[in-house]
Amino acid sequence: MEIPAYNPAAIEKKWQKKWEDAKLFTAGKRKGAPKKYVLEMFAYPSGDLHMGHARNYSIGDAMARHAHMKGFDVLHPTGFDAFGLPAENAAIKNNTNPKEWTYKNMETAVETMKTMGFSYDYSRLIETCSPDYYKWGQYLFLKMLDMGLVDRRKSPVNWCPSCNTVLANEQVTEGVCWRCGSHVEKRDLTQYYFLITKYAEELLDDLDTLKGWPERVVQMQRNWIGKSVGAEIDFVLADAEGAPTDEKITVFTTRPDTVFGVTFFVFAPESALAKRLVKGTDKEEAVRALAESASRMTGAERASNPTKNGIFTGRYVFNPINQRKIPVWIADYVLEDYGTGAVMGVPSGDQRDFDFAKKYGLPIVPVVISEDDPLYPILKEERDWKVIEVDWEEAMDAEGILVQSDRFTGLKGGKDSEATRAIIDFLEEEKLGRASTTFRLRDWLISRQRFWGNPIPIIHCEKCGMVKVPFENLPVKLPEDIDLAAGETLAECPEFYETTCPKCGGPARRETDTMDTFTDSSWYYLRYCDPHNDEDPVSKEAVDHWMPVDFYVGGIEHAILHLLYSRFWTKVMRDADMLDISEPFDTLLCQGMVKDANGEVMSKSKGNVVSPKEVIEPYGADTMRLAILFIAPVEKDFDWDPNAVAGCHRFLKRVWQAVFQLVSRANVDVKDVDFEKLPKAFEFDLARATQAEKAILASLNEQGLKTSFDFENLQYNTAIAHLMELTNDIYAYLKTSAGNTQEAREIPLRVAFDLVSMLAPICPHIADELNEQAFKNEGMLVSLYDGAWPKFQEGFAADDSIEMVVQVNGKIKGRISVPSGASQEEIEKTAKEAAAGALSGKEIRKVIVIPQKLVSIVEG
RNA sequence: GGGGGCGUGGCGGAAUUGGCAUACGCAGCAGACUUAAAAUCUGCCGAGCUUUGCUCUUGUGGGUUCGAGUCCCACCGCCCCUACCA
């Protein structure tokens with residue numbers, strides 16, 4: 001038989017068309033079958049797809065195709081996160097509309113996706129900039145407003161001077177804008193917030209239910225939410241003369257057990273109260289300068305250069321628990337937006353307070369000390385301050401025993417200790433303070449002063465205030481003819497903002513801020529369940545059927561941003577009775593980055609970008625997909641190695657040759673072989689197979705199918721390695737002379753067919769072509785996508801003899817072959833004979849037999 | 001400072017979860033085919049040695065075990081995240 005050449009360009013195009021014509025990937029066709037929702041994070045269409053997308057999608061596609069072959073009804077959609085700043089910047093540069101630029105890029109990206117052969121249900125495609133989608137984003141905004149989860153308020157916000165917009169806390173890393181890297185400024189502005197902090201506790205608690213998430217992502221979210229348990233304590237402000245006033249200043253602390261050791265009090269320099277205390281004094285200018293210099297430093301700079309600068313205000317407060325009068329300072333190590341923006345200074349128990357006290361010569365009073373400390377015997381009975389200065393090198397901030405702490409002296413101190421609880425009880429009884437929990441998580445600032453986003457559906461009326469846009473007027477559409485190149489914004493576009501009040505009919509002004517694009521990506525995975533619904537964002541029925549997403553694949557850069565917002569959004573929609581789940585993503589996979597051959601991040605500016613097209617043109621999409629999955633485990637970064645890619649292509653050519661040669665060698669008309677009825681290779685009686693056939697079958701045994709071809713656990717690199725071994729075995733078989741029975745001819749065919757089936761999720765084009773051309777299966781199936789995944793049969797007969805390793809005193813000394821039914825005694829006897837040369841002749845202390853594996857002989 | 005992870009050939013990486021360390025691939029070496037090259041095929045490919053074989057080898061040192069890359073303790077080194085969070 002003439003073996004045709006492997007021509008990826010031709011067969012890939014052919015199969016992509018056949019799949020599309022047959023609507024092969026439409027979700028919901030297998031009524032009654034268990035569902036599997038496989039999703040890759042959708043792309044921002046800033047140009048054509050790059051290798052990172054190719055990796056992301058190849059992983060998800062292998063998962064989706066495999067699930068379908070295993071019998072699931074698979075939902076595998078795609079779409080675009082189409083609003084955002086790059087479209088505006090490109091529009092300004094090219095003097096076009098962001099819409100044009102975005103749609104052109106999405107069109108190119110879909111073409112590229114199709115050349116890669118992904119099994120997407122394109123009938124569910126979502127483009128977030130389409131009014132059909134953003135209408136429901138507006139609807140959900142209004143829903144949240146009704147639920148009391150939207151707030152419009154003036155407060156200090158992060159402003160990116162380069163992007164000309166505010167940013168959410170999550171979008172500022174180390175003091176710079178996540179998108180453009182510019183240094184972020186603080187400004188006092190009136191903005192819209194989603195009250196995500198109302199869900200802080202639940203967002204934290206439910207992290208424990210996310211068993212399918214990488215531990216580091218869970219930890220990152222846990223740290224971001226940042227729960228601290230402790231107490232609020234009310235200090236009494238003294239007037240300028242030092243006498244107590246009625247005014248109380250509250251601090252938050254996680255260590256109320258150290259409250260007897262407070263020797264000073266500190267405000268953040270930006271705090272309003274701090275400013276008030278020094279107003280009109282000679283300290284005013286210095287405090288302003290301190291606030292200025294503090295705001296200029298990024299977190300990293302502050303941490304690497306932890307100079308604690310302070311100014312004494314000249315004022316005092318009284319510690320409510322011991323009435324001591326303590327000085328009030330202003331220092332740059334206190335953060336305005338955490339806790340109450342003020343700290344009770346306990347230098348003996350907190351390293352930062354300790355450093356500050358050292359620098360400014362403030363007293364250090366030990367109150368919670370270790371029993372090993374030389375001071376302990378002196379102070380263990382002390383109820384009042386006896387020692388008010390220590391020679392410690394650092395603060396004692398771990399656990400210890402309370403001293404110099406009035407009636408609490410002698411109690412065990414520390415976070416959540418008996419002293420902590422006792423002091424909180426006391427504070428609550430005396431109304432001096434209360435138990436309190438603080439979160440690091442801030443409310444989500446969602447308004448943006450940008451054009452290319454979802455307009456906030458609010459109308460401002462002088463008479464009626466903030467008025468919702470009525471449902472029938474949704475969506476508030478973006479104007480088509482804005483001139484961004486001329487610097488025009490929505491706020492300068494009267495055709496957009498001039499309107500009438502829906503309540504009183506008077507003249508009113510439309511809100512000109514748009515929503516953060518992360519609002520668009522916070523629920524797109526829900527809309528995929530029901531993408532064409534024009535009555536609701538989603539129907540509960542559709543969401544209940546498909547959600548949660550079973551496998552979610554994306555980059556680690558979304559560990560906090562998108563993944564936290566989506567979890568919040570799901571809980572909100574649950575509370576709005578739109579769905580019944582609490583967590584949207586069951587298993588999360590964060591794939592590694594694709595770097596260049598030298599391990600450098602690919603970037604346009606470095607000129608080291610390898611485009612998927614550069615691989616597809618010479619080798620085909622199957623080779624690209626295979627290489628992406630083979631070169632490194634999915635979650636690790638990998639360096640693009642052109643030689644390894646060529647090696648993957650070589651493997652596909654070998655599979656192609658092996659299958660055709662095998663069909664030719666089998667000397668049976670494959671048209672007469674019903675592959676559905678052919679016994680599975682591993683059910684077959686091995687006694688009838690030749691040695692080479694055994695080698696092939698051995699790699700398809702129980703372990704092979706359950707462990708080696710472990711698609712469930714995403715071990716694609718090792719699964720592919722086993723497919724390579726199987727191919728090598730087929731070549732070994734082809735070199736031998738085969739038996740001449742019907743079975744002996746058909747077993748290898750079955751093996752080859754299973755090989756091709758297992759290759760199908762990774763390299764679907766070559767698999768379908770071999771199925772059709774070599775196995776002549778065109779009448780049975782359009783595609784192996786609808787075919788069956790090989791199954792292991794429990795009844796598979798093991799080989800009649802078993803190889804075991806013989807160890808003497810823990811060292812390998814030989815191998816034995818024993819009958820599969822051999823008794824313990826027989827095995828021991830055979831092993832002793834085989835190891836005779838290695839035995840010293842001493843008494844044999846014991847013999848350990850591990851069935852199927854080894855015999856260990858231990859001498860006295 | 002806090003948290004998470006990792007350390008195996010020249011390289012990417014395997015190791016059935018305590019049982020033959022280095023699978024599979026890349027690179028390299030040798031051979032076959034060829035006028036030649038490419039492609040393809042075959043073989044070799046951790047280190048050392050006194051080479052039918054022996055010894056050593058999973059960052060270092062110890063421990064548990066008949067048996068450790070895997071478990072425990074200490075140390076060394078690297079990567080990622082986060083950061084004056086009271």
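Heavy atoms only: backbone and side chains are in, while hydrogens, waters and symmetry mates are out. To find a chain, count down the sequence lines: A is the first, B the second, and so on, and within it residues start at 1.
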**Student:** Is there side-chain contact between A:Ile364 and A:Pro366, with heavy atoms separated by less than 4.5 Å?
**Tutor:**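 With C-beta onward as the side chain, the pair stays apart.
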
**Student:** Under 4.0 Å between a side-chain N or O of A:Asn717 and OP1 or OP2 of B:A14?
**Tutor:**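 True: A:Asn717 side-chain N/O within range (under 4.0 Å) of B:A14 OP1/OP2.
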
**Student:** For B:U52 and B:G43, measure between their P atoms and round to the nearest Å.
**Tutor:**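 Between the two P atoms, the distance is 24 Å.
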
**Student:** In terms of the nearest nucleotide of RNA chain B, which residue is placed more toward the 5' end: A:Lys636 or A:Met344?
**Tutor:** A:Lys636

**Student:** Name the orientation of the base relative to the sugar in B:G25: syn if the glycosidic angle is within 90° of 0, else anti.
**Tutor:** anti

**Student:** Return the value, rounded to whole Å, for the distance between atom NE2 of A:His722 and atom C1' of B:A23.
**Tutor:** 7 Å

**Student:** Does B:G67 have OP1 or OP2 sitting under 4.0 Å from an N or O in the side chain of A:Lys811?
**Tutor:** no

**Student:** Could you check how far CD1 of A:Ile850 sits from C1' of B:U65, rounded to whole Å?
**Tutor:** 12 Å

**Student:** Quick one: which of B:A83, B:G3, B:C24 gets closest to the side chain of A:Trp224?
**Tutor:**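 Of the options given, the side chain of A:Trp224 lies nearest B:A83.
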
**Student:** Please work out if A:Ser228 contacts a base, only the sugar-phosphate, or nothing of the nucleic acid, heavy-atom cut-off 4.0 Å.
**Tutor:** sugar-phosphate

**Student:** Is A:Asn643 near enough to B:A27 that one of its side-chain N or O atoms lies under 4.0 angstrom from OP1 or OP2?
**Tutor:** yes

**Student:** Using the C1' atom as the point on both nucleotides, what is the distance between B:G18 and B:U70, in whole Å?
**Tutor:** 7 Å

**Student:** Mark yes or no: A:Lys308 above the aromatic ring of A:Tyr333, with NZ or CZ under 6.0 Å from the six-membered ring centre and no more than 45 degrees from the axis.
**Tutor:** yes

**Student:** Which value, rounded to the nearest 0.5 Å, describes the distance between A:Asp257 atom CG and A:Asp416 atom CG?
**Tutor:** 10.0 Å

**Student:** Have a look at A:Asp639 and say if it touches a base, only the backbone sugar-phosphate, or nothing, with a 4.0 Å heavy-atom cut-off.
**Tutor:** nothing

**Student:** Across all strands shown, which nucleotide pairs with B:C29 by Watson-Crick or G-U wobble geometry, both distances under 3.5 Å?
**Tutor:**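 Because both required distances fall under 3.5 Å, B:C29 counts as paired with B:G43.
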
**Student:** For A:Phe651, report the nucleic acid contact type (base, sugar-phosphate, nothing); a contact means any heavy atom under 4.0 Å.
**Tutor:** nothing

**Student:** If I pick the C1' atom on B:G31 and the same atom on B:C45, what distance separates them, to the nearest angstrom?
**Tutor:** 15 Å

**Student:** Below 6.0 angstrom between ring centroids: does that apply to A:Trp392 and A:Phe354?
**Tutor:** no

**Student:** Contact class for A:Gly647 vs. all strands (heavy atom < 4.0 Å): base, sugar-phosphate, or nothing?
**Tutor:**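 A:Gly647: backbone/sugar contact only, no base atoms under 4.0 Å.
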
**Student:** Looking at OG1 of A:Thr623 and NZ of A:Lys653, how far apart are the two atoms once the value is rounded to the nearest 0.5 Å?
**Tutor:** 9.0 Å

**Student:** Scan A:Pro633 against the nucleic acid and name what it touches under 4.0 Å (heavy atoms): base, sugar-phosphate only, or nothing.
**Tutor:**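 Here A:Pro633 touches the backbone only, sparing every base.
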
**Student:** Using the P atoms only, state how far B:C20 lies from B:C26, rounded to an integer number of Å.
**Tutor:** 26 Å

**Student:** Regarding A:Asp637 and A:Arg55, does a basic nitrogen lie under 4.0 Å from an acidic carboxylate oxygen?
**Tutor:** no

**Student:** With nearest nucleotides of RNA chain B determined for A:Phe638 and A:Val172 from heavy-atom distances, which residue corresponds to the more 5′ nucleotide?
**Tutor:** A:Phe638

**Student:** Using the C1' atom as the point on both nucleotides, what is the distance between B:G69 and B:U17, in whole Å?
**Tutor:** 12 Å

**Student:** Within less than 4.0 Å of OP1 or OP2 of B:C26, is there a side-chain N or O belonging to A:Arg650?
**Tutor:** yes

**Student:** How long is the line joining CD1 of A:Ile812 and C1' of B:A21, in whole Å?
**Tutor:**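 Answer to the nearest Å: 9 Å.
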
**Student:** Looking at A:Val184, is its backbone amide N or carbonyl O close enough to the side chain of A:Asn158 to form a donor-acceptor pair, meaning the two atoms are under 3.5 Å apart?
**Tutor:** no

**Student:** Considering every strand shown, what is the Watson-Crick or G-U wobble mate of B:G69 when both distances are under 3.5 Å?
**Tutor:** none

**Student:** Looking at every strand, decide which applies to A:Arg442 at a 4.0 Å heavy-atom threshold: base, sugar-phosphate, or nothing.
**Tutor:**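 Touches nothing.
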
**Student:** Nearest whole angstrom, please: distance from the C1' of B:C26 to the CD1 of A:Ile720.
**Tutor:** 15 Å

**Student:** Taking atom P in both B:G3 and B:A83, compute the distance separating them and give it to the nearest angstrom.
**Tutor:**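 Taking atom P in both B:G3 and B:A83, they lie 16 Å apart.
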
**Student:** Which nucleotide in the set B:U82, B:A86, B:C84 lies at the smallest distance from any side-chain heavy atom of A:Thr254?
**Tutor:** B:A86

**Student:** Quick one: A:Ile556 CD1 to B:G3 P, roughly how many Å, whole number?
**Tutor:**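 Going from A:Ile556 (CD1) to B:G3 (P), I get 19 Å.
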
**Student:** Determine the contact category for A:Arg222: base if any of its heavy atoms lies under 4.0 Å from a base atom, sugar-phosphate if only primed atoms, P, OP1 or OP2 are that close, otherwise nothing.
**Tutor:**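 The answer is nothing, as A:Arg222 stays clear of every strand by at least 4.0 Å.
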
**Student:** Rounding to a whole Å, what distance do you find between A:Tyr731:OH and B:U40:P?
**Tutor:**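 Result: 10 Å.
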
**Student:** Determine the contact category for A:Ile848: base if any of its heavy atoms lies under 4.0 Å from a base atom, sugar-phosphate if only primed atoms, P, OP1 or OP2 are that close, otherwise nothing.
**Tutor:** base

**Student:** Could you tell me how far apart A:Phe356 (CZ) and B:C84 (C1') are, to the nearest whole angstrom?
**Tutor:**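 It works out to 12 Å between those atoms.
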
**Student:** With syn defined as a glycosidic angle within 90° of 0 and anti as the rest, where does B:U17 land?
**Tutor:**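 Because its glycosidic torsion lies within 90° of 0, B:U17 adopts the syn conformation.
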
**Student:** I'd like to know whether NZ of A:Lys359 has more than 12 heavy-atom contacts from other residues, nucleotides or ligands below 6.0 angstrom.
**Tutor:**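 Count over threshold, so yes.
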
**Student:** At under 4.0 Å between heavy atoms, what does A:Gln807 touch on the DNA or RNA strands: base, sugar-phosphate, or nothing?
**Tutor:**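 Base, at least one base heavy atom under 4.0 Å.
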
**Student:** With a 3.5 angstrom cut-off on both distances, give the Watson-Crick or G-U wobble partner of B:C78, or none if there isn't one.
**Tutor:**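 Its partner is B:G5 (Watson-Crick or G-U wobble, both distances under 3.5 Å).
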
**Student:** Would you mind reading off the distance between A:Glu725 atom CD and B:U16 atom C1', rounded to a whole angstrom?
**Tutor:** 13 Å

**Student:** Could you work out the separation of B:G67 and B:U57 based on their P atoms and round it to a whole Å?
**Tutor:**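 Between the two P atoms, the distance is 15 Å.
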
**Student:** Taking only side-chain nitrogens and oxygens of A:Arg654, does any of them come within less than 4.0 Å of OP1 or OP2 of B:C41?
**Tutor:**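 Yes, A:Arg654 has a side-chain N/O under 4.0 Å of OP1/OP2 on B:C41.
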
**Student:** With both distances under 3.5 angstrom, what nucleotide forms a Watson-Crick or G-U wobble pair with B:U16?
**Tutor:**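 Per the H-bond distance test, none.
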
**Student:** Could you give the distance separating B:G28 and B:A14 at their P atoms, to the nearest angstrom?
**Tutor:**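 It comes out at 23 Å once rounded to the nearest Å.
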
**Student:** Parallel, tilted or perpendicular, judged at 30° and 60°: which one describes the rings of A:Trp656 and A:Phe660?
**Tutor:**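 Ring orientation of A:Trp656 relative to A:Phe660: tilted.
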
**Student:** Side-chain donor or acceptor of A:Gln351 under 3.5 Å from a matching atom on the base of B:G1?
**Tutor:**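 In this structure, the two groups form no donor-acceptor pair.
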
**Student:** Is the base of B:C66 touched by the side chain of A:Lys846 through a donor-acceptor pair closer than 3.5 angstrom?
**Tutor:** no

